[in-house]
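Notes follow once the structure below has been shown.
In this chain, numbering begins with 1 at the start of the sequence shown. Reckoned from all heavy atoms, side chains included, excluding hydrogens, waters and symmetry mates.
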Amino acid sequence: MRVHSRYRRRLADLAIAGRRVLIQLMVRRFFCTDASCDRKIFAEQIGLASRYARRTDLAGGVLETVALALGGRPGARMTDALEVPVNRMTLLRVIRRIPDRPVQAPEVLGVDDFAIKKGQNYATILLDMATHRPIDVLPDRTADTFAAWLRQHPGVRVICRDRGGNYAIGARAGAPNAIQVADRYHLWANLGEAVEKTVLAHRACLHPPEPTTGSQLEPAPVQTAPPPDGVRDVHGRDRPLVTRTQERYAAVQTLLAQGKSLSTICRELNLERGTVRRFARAESLDELLFKATHRVTKLDPFKAYLIERWNHGQTDAAALFRDLLEQGYQGGKLTVRRFLHQFRGHQHVPRPGPRPIKPRHATRWIMTRPDRLTDADQACLRQIRDCCPELDRTADYVRAFAVMMTGRQGGNLEHWFTTIEGDDLPALRSLAIGMRRDQEAITNGLTLRHSSGAVEGAVTRAKAIKRAMYGRANLDLLRKRILAQH
């Protein structure tokens with residue numbers, strides 16, 4: 001072996017005292033004197049960097065950490081601050097060069113989907129439930145893709161999933177001997193949706209009783225205006241919001257009856273997809289009107305005061321607005337004017353009755369453990385249960401399901417189904433019928449200790465990475481970051 005020649009290598013290193021560092025090395029090339037060696041000329045290797053690298057291994061490790069944590073543009077800004085400046089595309093190439101870890105099938109597998117582009121493209125994340133580490137990301141959420149992965153990676157004994165039908169079908173096809181466990185969080189969420197529908201169907205029971213004062217009631221003076229009921233104003237005319245809701249509901253339901261899709265309805269009515277979906281899924285017009293006419297506004301706490309001042313002769317909206325500002329009102333003057341305009345031409349306006357209980361509040365009280373409710377909330381819940389036998393039975397069913405879920409008493413699920421199916425509560429009965437299709441997995445979820453909580457956390461982290469990547473979140477790059485960050 002003898003020296004052939006020399007050449008210069010320049011290696012970027014980490015900054016020292018806030019100054020960029022560039023290492024210049026003189027590297028030798030050698031002749032190989034061994035006649036049996038195929039390589040006649042070779043260069044000596046140094047321990048600072050790998051072959052052909054332009055950065056030291058230490059600097060390369062820092063860039064890899066920054067790229068995985070921040071991505072392209074944010075990572076480039078960070079490297080500028082660290083005095084190791086690189087281009088954003090360089091950081092993306094660093095991510096793509098990270099080798100994939102070999103995928104080994106875990107005994108307990110967690111599976112869930114997340115949106116690449118919400119409403120259009122979805123991917124599947126797979127988790128080792130023993131280590132809570134993502135092991136793979138699939139390009140879609142179809143049953144065939146999931147089943148193919150399970151066949152390629154045998155050995156999965158337990159599959160934790162939500163109630164999505166595709167994963168149930170894929171698990172049965174790819175790992176027929178595996179135990180499927182339905183996630184308790186999604187079961188509780190499905191129950192909450194059914195309870196909310198039941199509360200909305202019996203929202204008439206949410207009106208608190210009118211206060212009575214006996215013989216102290218005063219006769220109403222002449223030209224008394226009835227208080228608005230949310231649907232009509234004091235002049236008996238339908239509010240524009242109510243009219244618009246009625247027209248849209250009729251139009252959407254008519255087009256649905258003609259067999260048209262939501263996308264087609266969106267185009268024909270020039271409405272957003274979320275709006276069309278809300279009108280299409282509503283069980284009745286009353287459900288939409290209740291939500292539209294019972295919206296919370298900043299003026300609500302001050303309406304009784306405004307009506308009282310109006311009845312005492314103060315009809316100047318500007319003066320009343322100034323009084324409200326002193327009391328802490330944070331809304332606008334136009335809101336006050338609009339509220340008072342409906343009383344023009346009337347000398348006396350009755351005080352509004354107590355506002356009805358919001359359905360979401362009643363749903364929350366029913367779904368919350370009794371010992372975690374305040375005394376006021378417990379009193380309201382008792383009032384609702386006393387007034388409405390249907391909501392009273394609904395609360396009992398929720399308590400029974402909570403006992404099953406927290407006490408791991410999945411064997412009682414069949415009795416719970418039978419009781420609900422014999423009751424006259426359509427939303428809960430529909431939930432029970434849907435759960436029966438997946439009864440074995442739900443029973444396992446209410447009995448075994450396995451849960452998909454770690455999968456939900458991984459999905460949340462995957463969504464954060466996707467949003468941080470803006471438009472560069474292609475699946476190959478996103479998959480690298482999800483798998484390499486753990």
Side-chain angles (χ1 to χ4, degrees), residues 188-217 220 226-232 239 241-242 245 249 281-297 300-301 303-304 307 349-405 415-432:
W188 189 253
N190 296 149
L191 178 61
E193 294 172 358
V195 170
E196 185 177 12
K197 292 179 181 178
T198 304
V199 172
L200 287 172
H202 298 84
R203 56 187 169 273
C205 302
L206 303 181
H207 289 264
E210 295 288 342
T212 58
T213 57
S215 60
Q216 297 181 358
L217 290 175
D229 61 357
V231 177
R232 291 174 296 276
R239 295 172 54 195
L241 175 63
V242 173
T245 301
Y249 178 78
R281 293 180 177 178
E283 296 185 358
S284 65
L285 177 61
D286 292 340
E287 176 182 335
L288 296 170
L289 290 179
F290 185 87
K291 294 180 179 180
T293 57
H294 291 80
R295 296 176 178 175
V296 178
T297 67
D300 287 348
K303 288 182 178 179
I307 292 176
V349 178
R351 291 176 60 87
R355 292 183 61 84
I357 298 172
K358 299 182 183 303
R360 66 173 179 270
H361 291 172
T363 303
R364 176 174 60 83
W365 297 335
I366 294 175
M367 299 294 296
T368 303
R369 286 178 52 176
D371 57 348
R372 295 184 179 179
L373 291 174
T374 63
D375 293 340
D377 291 345
Q378 290 182 5
C380 292
L381 179 58
R382 283 194 299 269
Q383 173 188 325
I384 294 173
R385 298 186 65 170
D386 292 341
C387 294
C388 184
E390 290 80 3
L391 295 183
D392 182 49
R393 296 197 302 274
T394 299
D396 290 337
Y397 292 137
V398 171
R399 299 289 180 266
F401 191 88
V403 170
M404 281 193 298
M405 187 173 64
H415 175 71
W416 192 77
F417 284 159
T418 305
T419 307
I420 288 181
E421 289 170 351
D423 204 337
D424 187 20
L425 296 171
L428 289 176
R429 191 190 307 132
S430 176
L431 173 68

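The distance from the CE atom of Met405 to the CG atom of Leu191 is 8.5 Å, given to the nearest 0.5 Å. Here the SG-CG distance, from Cys205 to Leu391, works out to 6.0 Å after rounding to the nearest 0.5 Å. In this structure, SG in Cys387 is found 9.5 Å from CG in Leu206, a value given to the nearest 0.5 Å. Between Leu431 atom CG and Phe401 atom CZ the span is 7.5 Å, to the nearest 0.5 Å. Between the SG atom in Cys380 and the CD1 atom in Ile384 there is a gap of 6.5 Å [rounded to 0.5 Å].
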Can you list, pair by pair, the side-chain donor-acceptor contacts under 3.5 Å of residues 361-368, counting residues two or more places apart and other chains?
from: Thr363; atom 1: OG1; to: Pro359; atom 2: O; distance (Å): 2.8
from: Trp365; atom 1: NE1; to: Asp377; atom 2: OD1; distance (Å): 3.4
from: Thr368; atom 1: OG1; to: Arg364; atom 2: O; distance (Å): 2.5

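By the side chain to side chain donor-acceptor pair (under 3.5 Å) test, Glu421 pairs with Arg436, sequence neighbours left out. Every residue two or more places apart in sequence or in another chain that forms a salt bridge (Lys or Arg N to Asp or Glu O under 4.0 Å) with Arg429 is listed here: Asp424. Checked against side chain to side chain donor-acceptor pair (under 3.5 Å), Tyr397 has the following partners two or more places apart in sequence or in another chain: Asp423. Evaluation of the salt bridge (Lys or Arg N to Asp or Glu O under 4.0 Å) rule for Arg369 yields Asp371 as partners, not counting sequence neighbours. Asp386 pairs by the salt bridge (Lys or Arg N to Asp or Glu O under 4.0 Å) definition with nothing, not counting sequence neighbours. Under the rule for a ring-ring contact (aromatic ring centres under 6.0 Å, His included), Tyr249 has no partner lying at least two apart in sequence or in another chain.
Looking at Val403 and Trp416, their side chains never come closer than 4.5 Å, going by heavy atoms from C-beta outward. You'll find the side chain of Arg385 reaches within 4.5 Å of the side chain of Asp396, heavy atoms only.
Using modelled atom types, one side-chain atom of Gln378 and one backbone atom of Pro370 make a donor-acceptor pair closer than 3.5 Å.
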#### Entry: side chain to side chain contact (heavy atoms under 4.5 Å, CB included) between Leu425 and Ile420, worked out
CA-CA 7 Å; Leu425 296 171; Ile420 288 181; 5.8 Å; no
